[in-house]
Protein chains: 2
Amino acid sequence: MSSKFLSLNPEKQERILNAALKEFALKGYENASTNEIVKTAGISKGLLFHYFNNKKELYQFLYNHFADVMVEEFFNELDLSERDIFERMKTLMILKNKLMARHPEVFDFMVAASMETAEEVKEILNNTNTELIQASYSRLFENIDITRFRDEVDIQRAINIIMWTLQGFSNQELEKAKKLNKAHHDFDEAFKEVEVYIEMMKKAFYKNV
Amino acid sequence: MSSKFLSLNPEKQERILNAALKEFALKGYENASTNEIVKTAGISKGLLFHYFNNKKELYQFLYNHFADVMVEEFFNELDLSERDIFERMKTLMILKNKLMARHPEVFDFMVAASMETAEEVKEILNNTNTELIQASYSRLFENIDITRFRDEVDIQRAINIIMWTLQGFSNQELEKAKKLNKAHHDFDEAFKEVEVYIEMMKKAFYKNV
DNA sequence: ATGTAATTGACCGATGTGGTCAATGATAAT
DNA sequence: ATTATCATTGACCACATCGGTCAATTACAT
């Protein structure tokens with residue numbers, strides 16, 4: 001019963017959610033220990049199971065909660081006035097990296113969730129994700145100026161190439177950051193490469209300049 | 001003692017190694033179960049610990065063995081006569097994907113190993129990797145024609161951009177393959193995008209055409 | 001028939017699991 | 001001061017699994 005949980009002291013709510021987030025991200029659903037969660041949350045075992053009937057219910061609440069939070073934060077800060085698709089994707093990536101630096105534990109949890117094999121978890125993800133992601137995807141390309149492209153094929157190809165390229169960049173930077181200081185990372189220098197790259201793309205896909 | 005193990009019937013050797021590979025890849029070092037390994041290998045618990053004194057020794061042997069095997073196979077098939085750096089990187093990626101399709105379990109294991117947190121494992125990886133990777137890296141760029149570049153900076157930048165781009169592509173294709181048929185994947189269509197991309201890069205980095 | 005090596009699986013103590021529940025503490029109403 | 005209500009505790013449960021051992025059995029060569 002999450003109603004009981006929601007009417008709880010917010011500071012304690014957060015402590016419990018963060019403890020669970022960390023544990024699930026680190027160990028995965030099945031190996032995550034409720035004992036460990038209550039220990040780091042500083043509450044008793046009984047209390048956790050007073051708020052959530054069982055492990056699965058806790059996980060479900062957790063996933064929905066943080067998915068909502070991150071999506072909201074993402075679109076609050078995404079600049080939708082940028083009409084150039086390449087520049088839009090660049091800001092999108094920058095924002096993604098910002099959010100990853102700001103909430104690394106949440107991203108760890110989400111990544112771990114997407115790799116889960118437990119049937120109970122897959123079920124939860126399907127329910128939550130389909131609506132959430134589909135709604136988000138169209139908003140990502142809202143208001144884009146497509147008149148500069150040679151034709152429709154180019155648009156789709158540009159999107160594809162942008163997506164996998166920036167993803168590769170993002171992963172590499174993330175890895176580098178983890179190896180260097182294990183905390184947040186300054187992307188400024190790395191983005192100089194991205195600038196070069198973006199100009200390259202424009203030349204390749206746009207009718208003129 | 002691996003000498004005992006090595007003088008064992010090769011078919012049984014393989015059964016044991018594959019079972020262990022699978023289990024470690026799936027669960028990670030600490031959560032991997034030796035009980036599960038012997039069950040899928042079809043041998044008794046005692047026999048496993050007759051060949052390897054303990055869990056760590058088994059893991060160590062496993063890692064060294066498959067690292068050797070994959071590196072050897074990789075360089076056996078890599079075309080080092082291609083002197084254009086962009087084309088070389090393309091064939092390199094194609095080869096990597098081929099090997100991933102051919103030995104997905106080995107790659108799963110390697111990825112899992114690189115994410116291990118157990119101190120015992122990190123120690124093993126350090127010992128094995130440093131020599132192995134450093135030796136490989138120089139071979140990757142052996143015999144490359146650098147006369148077409150404008151200057152040294154361009155070469156380094158090209159390598160960086162190639163690396164993270166192809167990595168992003170590779171990951172995306174891998175994910176797609178997993179979602180579609182969960183087995184091997186036909187990269188032919190996807191590589192059309194890569195062709196476009198490679199031409200783009202050449203234009204951007206080479207002195208002429 | 002004998003010696004040697006391969007192989008078994010019951011067994012060990014230790015640790016940890018998700019979940020329960022009787023008991024206690026705190027708070028507010030009477 | 002008494003009572004009723006709710007939050008909170010942590011010892012406890014039965015069970016599962018862990019890495020590792022070892023006396024006993026089987027297979028095989030001499």
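Sequence lines set the chain letters: A, B, ... in the order given, protein chains first and strands last, and positions in each chain run from 1.
- Side chain of A:Ile43, nearest nucleotide from D:dA11, C:dT7, D:dT9: D:dT9.
- When rounded to the nearest whole Å, the span between CG of B:Asn9 and P of C:dA5 equals 19 Å.
- When the side-chain nitrogen and oxygen atoms of A:Lys55 are compared with OP1 and OP2 of C:dG18, one or more of them lie within a distance under 4.0 Å.
- Nucleotide D:dC18 holds its C1' atom 13 Å from the NZ atom of B:Lys39, rounded to whole Å.
- The nearest whole Å value for the distance from the CZ atom in B:Phe49 to the P atom in C:dA10 is 17 Å.
- Comparing A:Glu23 and B:Ser44 along DNA chain C, the residue whose closest nucleotide (by nearest heavy atom) sits nearer the 5' end is B:Ser44.
- In this entry the distance linking CG of B:Asn31 with P of C:dT17 reads 10 Å, nearest Å.
- Atom P of nucleotide C:dT17 and atom OH of A:Tyr29 are separated by 14 Å, given to the nearest angstrom.
- For the residue pair B:Ile144 and B:Glu82, the shortest heavy atom distance occurs at CD1-O, 4.3 Å.
- Between B:Phe24 and B:Tyr29, the ring-plane angle classifies as parallel under the 30° and 60° cut-offs.
- Phosphate contact (OP1/OP2 of D:dG19, side-chain N/O of B:Thr34, threshold under 4.0 Å): present.
- A 6.0 Å sphere centred on CD1 of B:Ile146 holds no more than 12 heavy atoms belonging to other residues, nucleotides or ligands.
- At the phosphate of D:dT8, OP1 or OP2 sits under 4.0 Å from a side-chain N or O atom of A:Tyr51.
- Nearest approach of A:Ala118 to A:Glu30, heavy atoms of both residues: CB-CD, 4.2 Å.
- Between A:Ser33 and C:dT17, a side-chain N or O to OP1/OP2 separation shorter than 4.0 Å is present.
- Contact between the side-chain N/O atoms of B:His50 and the OP1/OP2 oxygens of C:dA6 is found at a separation under 4.0 Å.
- Atom pair B:Leu8:CG and C:dA6:P shows a separation of 9 Å (rounding to whole Å applied).
- Note on B:Asn35: every side-chain N or O is 4.0 Å or more away from OP1 and OP2 of D:dT17.
- The separation between B:Glu30 atom CD and D:dG20 atom P is 12 Å, rounded to whole Å.
- Residues B:Ala25 and B:Ala112 approach most closely at O-CB, 3.7 Å, considering heavy atoms.
- For A:Lys45 and C:dT24, the NZ to P distance is 21 Å, given to the nearest whole Å.
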